[in-house]
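Encoded as structure tokens, the structure appears first; notes follow it.
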Amino acid sequence: MSINVTGTIERKGLGPGTWAIVTEEGETYELYQGAPDELLKSGVKAKIKGEVRDDVMTFAMIGPVLEVKSFKVVD
Amino acid sequence: MRKVFILCLFIIGLGFAIFNFKGLATRGTYDSIVLDFREDVPAAQIAGKLSAIAQQYHVNPFLNSEFSIKDNVYIVKGDANLLNALKKSDIAKATESIEPNYIYNAYEVPNDPHYTKQWNLRSINVEAAWEETKGSGMTVAVIDTGVSRVPDLKDTKFVKGYDFVNDKEEADDDNGHGTHVAGTIAQSTNNGYGVAGIAYEASIMPLKVLSGSGGGTVADISEAIKFAADNGADVINMSLGGGGASELMQEAVDYAYSKGVVIVAAAGNENRNSSSYPARYPHVISVAATGPAGEKAPYSNFGAGVDISAPGGSETGKILQETIDYQTGEPVFAEYQGTSMASPHVAGVAALVKASGVENPDEIETVLTKSARVVTEDPLNHFGAGHLDAAAAVKFAQKGQITFRDFFRWLRENGYLNLRFWFDGGAVALLPKIAMVLGSYILAWFLRNYLPGWSWSLSGGLIFGSSGLFFLRGFYVFDLPQWPFRVLGSSIPELGNAVQGTIALNPIFASVLIPLALIALLLGNRSWKWFAIGSGIGVASCLLVSAVMMPNVMWLGEGLLARSFLIVNAILCYGLSWLSMQGEQKTA
């Protein structure tokens, strides 16, 4: 199931750390491996089209895991 | 009638005192006795007394050390009988004291130089546990990002593992998370280097299921659980979570459980009121995280499914172990935080418990939860059974007397069957609730001459006023808010603080106001009137018991002010009910 998420990219400090996108409503999605490097910068506002991976577990455990299909940096 | 009332209060007070009785203060052990003779007694006289003791009691008094000559401190071998005999004899007159020579034990403090920074190990009381066992012979499977043999794992034993991400035998770490978790469980300890681990004589089975960026599939994790069960793991630690329910994974968990493996998992880091998968599966111990002061860590999940809490660290203090650097792959001492860090504390102590002779995974869980330090005020289940205590767990395990399975556990096990419900047995302090219900019936009994008989409406009012359906307070449905159950499980006085889930009573609800409103509204109705009257009596009982046992009212504190407020309102409630009954025909 494909969804659109708009929010701010953050580096979360759990364990050695992980990348996440936090929406304005305060929902946190963990970004799944293989997300492009251009996206993975703290403070970047982005609109991501992706898929929530229900079959994936992580050590960060901060919320649903979002596999990025495409994204757009927004101001 | 006054006598009956005083008797009832006495019984309630006595019951309370018995429940809080902690037994005699703990005493040390000794196998010798110290005799400290007075300095003004001449040496010749002391020599005479000593030879008299030697003859009479067949013991051989000796100086404690060469420094004892000046102070006249002598030691004799002996037990409590000799101690009493000496104290009663005329020798006592020549001494300053005769007392047991208590044996002091130095706890096992390891020589690892950074051990002083490991507040987390002291907070679980591990030094006293190490006196009994260090987990020798146990195997703990670490299902994670892999484990690299950093210098401070050099003396740690390893058994064969597997890398399910890259499908190979060596399960090295390319992230740092798994090595850190393994360090908490069994970092090489007393090696004069780095930091300590909990069960440092146990073996680690490294199983890599998470990639270098920290994610892994349910399929790989399930296979790793089965691998651990088939290859002799005693404990499995899973510092991972997320996703949804998976039959494949539940099957793997059940399989490992059936083979006697203890399974521990992190509750999750979303700060919400349900454990993540896999922590919420049946037979998995779900671990919430605490900070250095024992407080709930800000990120930690809580509520449904949480079985116990352990140090996971917070911004004020994190967990230090040796691992590899995320970017360079080089060994580094790193401070991490997360329920990922809390879970291996419990896994390590589970290994210590199993090494102490408790085999069955259910019994090991019982030992861990029953020995945990209870957090008395935990209405939202931040801590499960309480704070992990390694020393208490090992001592409890060695007693080998886990024969009972309590009612709440039974409820929880059965609630677990469909993965929807969960029951927190610690949410309700049972004794005050029973006192409140009993108290309301006793108060009603005083007014029996005015009552038309025991009706359902009266009983309903008594219960709603005094205790509510209190067993509902510990009831959870996964992923739903818990406050509706707290409200349903509350009596009238507790309604004002049920939604927030706090302990202090709201003085608007814990007063005569609601019974007054109920009576005003319902006095015209023949049967509902008795519900209103019953609720007035019930509230009176609830407020009285609260005033005696735990006065705690919002804005009024926990002292005399709160107590007086509760008692005055209890009297008003009782008086109100009595007044509303006037005019009824006596039925006695």
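This structure is a prediction, so every number in the text was calculated from the model and none was measured. The sequence lines fix the lettering, A, B, ..., with proteins before strands; numbering per chain opens at 1.
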Specify the closest pair of heavy atoms between A:Pro16 and B:Tyr326, including all atoms of both residues, with the distance to one decimal. CB-CB, 4.5 Å
Which bit of B:Ala334 comes within less than 4.5 Å of chain A, counting heavy atoms only: side chain, backbone, both or neither? neither
Find the one option among B:Gly216, B:Gly338, B:Gly243, B:Ala219 whose heavy-atom pairs under 4.5 Å with chain A are most numerous. B:Gly216
Please classify the contact of B:Thr145 with chain A as side chain, backbone, both or neither, using a heavy-atom distance under 4.5 Å. side chain
The interface call for B:Thr217 against chain A, heavy-atom contacts under 4.5 Å, is both
Scored by heavy-atom pairs under 4.5 Å with chain A, the best of B:Val218, B:Asn269, B:Asp325, B:Leu240 is B:Asn269
Minimum heavy-atom separation for A:Gln33 and B:Ser213, please, with both atom names. CB-OG, 2.7 Å
Is there any salt bridge (Lys or Arg N to Asp or Glu O under 4.0 Å) pair reaching into residues 11-20 of chain A, and which pairs are they, with sequence neighbours excluded? A:Glu10-A:Lys12
Close contacts, residues 55-70 of chain A versus chain B, judged by heavy atoms under 4.5 Å: A:Asp55, A:Val56, A:Met57, A:Thr58, A:Phe59, A:Ala60, A:Met61, A:Ile62, A:Gly63
Around B:Lys168, counting heavy atoms of other residues, nucleotides and ligands shown, do more than 12 lie under 6.0 Å from its NZ? yes
Roughly how far apart are A:Thr28 OG1 and B:Glu270 CD, rounded to 0.5 Å? 8.5 Å
Find the one option among B:Gly268, B:Gly214, B:Ser211 whose heavy-atom pairs under 4.5 Å with chain A are most numerous. B:Gly214
Considering only heavy atoms, which portion of B:His180 lies under 4.5 Å from any heavy atom of chain A: side chain, backbone, both, or neither? neither
With respect to chain A, which residue among B:Ser276, B:Ala267, B:Gly313, B:Ser239 yields the maximal number of heavy-atom pairs within a distance under 4.5 Å? B:Ser239
Looking at chain A, which one of B:Ala266, B:Gly312, B:Gly215 has the largest number of heavy-atom pairs inside 4.5 Å, strictly under? B:Gly215
Which one wins on heavy-atom pair count under 4.5 Å against chain A: B:Gly176, B:Gly212, B:Ser246, B:Pro278? B:Pro278
Of the backbone (N, CA, C, O) and the side chain (C-beta and beyond), which part of B:Met238 lies under 4.5 Å from a heavy atom of chain A, both, or neither? neither
